[in-house]
A.B. asks: 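Here it is, the structure in full.
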Amino acid sequence: SKLSKEREETLLSFRFLFFSFYKMASNLFRIRKLVPTFDRVLVKKTTPVNRTVGGILLPEQSATKLNWGKVVEVGPGRRGLDGKYTPVLFKKGDNVMLAGWEQPVKVNDEEYTIVREEDILGILELEGEEKK
């Protein structure tokens with residue numbers, strides 16, 4: 001009983017030290033840039049609009065989950081059998097419609113989504129935004 005109590009205290013102190021170090025390390029090391037690999041694309045999803053064009057506030061339940069966002073970073077492309085890369089069709093700043101098969105990632109307290117090029121349905125042109 002005494003041995004198990006000492007073991008439990010040791011385990012608790014180890015957990016405390018581990019989580020303290022983890023928190024300290026996460027504050028010390030900030031990710032400067034995340035570049036996706038191969039044909040993957042890093043997207044910042046768009047937040048739902050809670051106000052109409054006329055300025056009327058919408059209730060939260062009417063705000064639908066939008067499945068599109070802005071491209072933040074792109075990978076080098078898909079590697080062919082000859083070893084050469086076929087570049088990704090999308091570029092930084094494109095507004096894209098997502099198919100729904102995405103991998104959420106968190107970088108420096110910001111939430112992003114990583115998708116394969118083939119899981120992007122198309123490029124959106126938004127009203128009021130200049131063409132590039």
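Just so you know, these numbers use all the heavy atoms, side chains as well, and skip hydrogens, waters and symmetry mates.
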A.B. asks: Enter the distance from Ile123:CD1 to Asp94:CG here, rounded to the nearest 0.5 Å.
C.D. replies: 4.5 Å

A.B. asks: Considering only heavy atoms from C-beta outward, does the side chain of Arg79 approach that of Thr86 to under 4.5 Å?
C.D. replies: no

A.B. asks: Does Leu121 belong to the same Ile/Leu/Val/Met/Phe/Trp/Tyr cluster as Leu124, with side-chain heavy atoms less than 4.5 Å apart forming each link?
C.D. replies: yes

A.B. asks: Are Leu98 and Val72 grouped together when hydrophobic residues (ILVMFWY) are joined by side-chain heavy atoms under 4.5 angstrom apart?
C.D. replies: no

A.B. asks: For a side-chain contact (heavy atoms from CB on, under 4.5 Å) check, start with the C-alpha distance between Trp68 and Val96, then their side-chain angles and the critical distance, and finish with the verdict.
C.D. replies: CA-CA 6 Å; Trp68 61 278; Val96 293; over 6 Å; no

A.B. asks: Heavy-atom distance under 4.5 Å between the side chains of Ile120 and Val41, does that happen here?
C.D. replies: yes

A.B. asks: Identify the two heavy atoms, one from Pro36 and one from Glu73, that lie closest to each other, and give their separation to 0.1 Å.
C.D. replies: CD-CG, 3.7 Å

A.B. asks: Kindly compute the distance separating CD (Glu118) from CZ (Arg78), expressed to the nearest 0.5 Å.
C.D. replies: 5.0 Å

A.B. asks: List the atom of Val88, the atom of Gly75, and the distance in Å for their closest heavy-atom pair.
C.D. replies: CG2-O, 3.5 Å

A.B. asks: From Met97 CE over to Asp119 CG, what is the distance, rounded to the nearest 0.5 angstrom?
C.D. replies: 14.0 Å

A.B. asks: In residues 110-117, what donor-acceptor pairs under 3.5 Å come from side-chain atoms, sequence neighbours left out?
C.D. replies:
{"unit_1": "Glu110", "atom_1": "OE1", "unit_2": "Lys44", "atom_2": "NZ", "d": "2.7"}
{"unit_1": "Arg116", "atom_1": "NH1", "unit_2": "Asp39", "atom_2": "OD1", "d": "3.0"}
{"unit_1": "Glu117", "atom_1": "OE2", "unit_2": "Leu89", "atom_2": "N", "d": "2.8"}

